[in-house]
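Down below is the structure, laid out as structure tokens.
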Amino acid sequence: MELIARSADDMRAIGAKIATHVGAGDLIMLSGPLGAGKTTFVQGLAEGLGVRGRVTSPTFVISHVHRGEPDLVHVDAYRLESLDDVDALDLDTSSKSP
């Protein structure tokens, strides 16, 4: 399947549509250069998951947890050097907190 986004609104709409097929524990990996629209896609995904609040790139903090149904953990692995660095984030346990 190929999806083409000609605008930021298109990219958000694709994210929102994919959200209808996402469940807790699913992983979506995006790859592309800076400015390619990855965070714009996540904004649409977040909207589709019922996340409230602003979704921004987690470049400087590595990850954000956005509350929704299910929660959305948005990670920017740009500065991570290995899979061990990703594992150290403990993402499988960080999305739920008391």
Side-chain angles (χ1 to χ4, degrees):
M1 172 188 298
E2 181 177 345
L3 302 172
I4 297 172
R6 292 182 174 24
S7 68
D9 287 340
D10 288 352
M11 187 64 87
R12 284 186 199 91
I14 290 168
K17 181 69 173 174
I18 288 176
T20 64
H21 303 283
V22 172
D26 286 350
L27 173 68
I28 298 172
M29 295 181 69
L30 305 174
S31 176
L34 295 173
K38 298 177 299 291
T39 295
T40 304
F41 170 88
V42 174
Q43 289 169 343
L45 184 71
E47 180 181 333
L49 293 174
V51 167
R52 295 176 191 235
R54 191 166 179 232
V55 174
T56 59
S57 176
T59 299
F60 299 105
V61 295
I62 306 294
S63 70
H64 290 301
V65 176
H66 301 283
R67 300 298 174 197
E69 204 46 56
D71 289 344
L72 171 63
V73 181
H74 183 192
V75 177
D76 189 331
Y78 179 72
R79 292 183 292 139
L80 302 180
E81 296 182 8
S82 70
L83 290 176
D84 288 337
D85 291 344
V86 174
D87 191 45
L89 295 175
D90 238 357
L91 296 174
D92 53 346
T93 59
S94 65
S95 66
K96 294 292 181 190
S97 60

Go through Val51 and Leu45 one step at a time and tell me if the side chain to side chain contact (heavy atoms under 4.5 Å, CB included) criterion holds.
-> CA-CA 9 Å; Val51 167; Leu45 184 71; over 6 Å; no
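Atom-to-atom distance recorded for Asp10:CG and Phe41:CZ is 13.0 Å, nearest 0.5 angstrom. How far OG1 of Thr39 is from CG of Leu34: 9.5 Å, rounded to the nearest 0.5 Å. Between atom NZ of residue Lys38 and atom CD1 of residue Ile28 there is a gap of 14.5 Å, rounded to the nearest 0.5 Å.
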Mind listing the side-chain donor-acceptor pairs of residues 15-27 below 3.5 Å, one per line with the distance, residues two or more places apart or on another chain?
unit_1, atom_1, unit_2, atom_2, d
Thr20, OG1, Lys17, O, 2.6
Asp26, OD2, Gly23, N, 2.8

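Nearest heavy atoms, Arg12 versus Thr40: CG-O, 3.4 Å. Looking at every heavy atom in both residues, Met11 comes nearest to Ala5 through N-CB, 3.8 Å.
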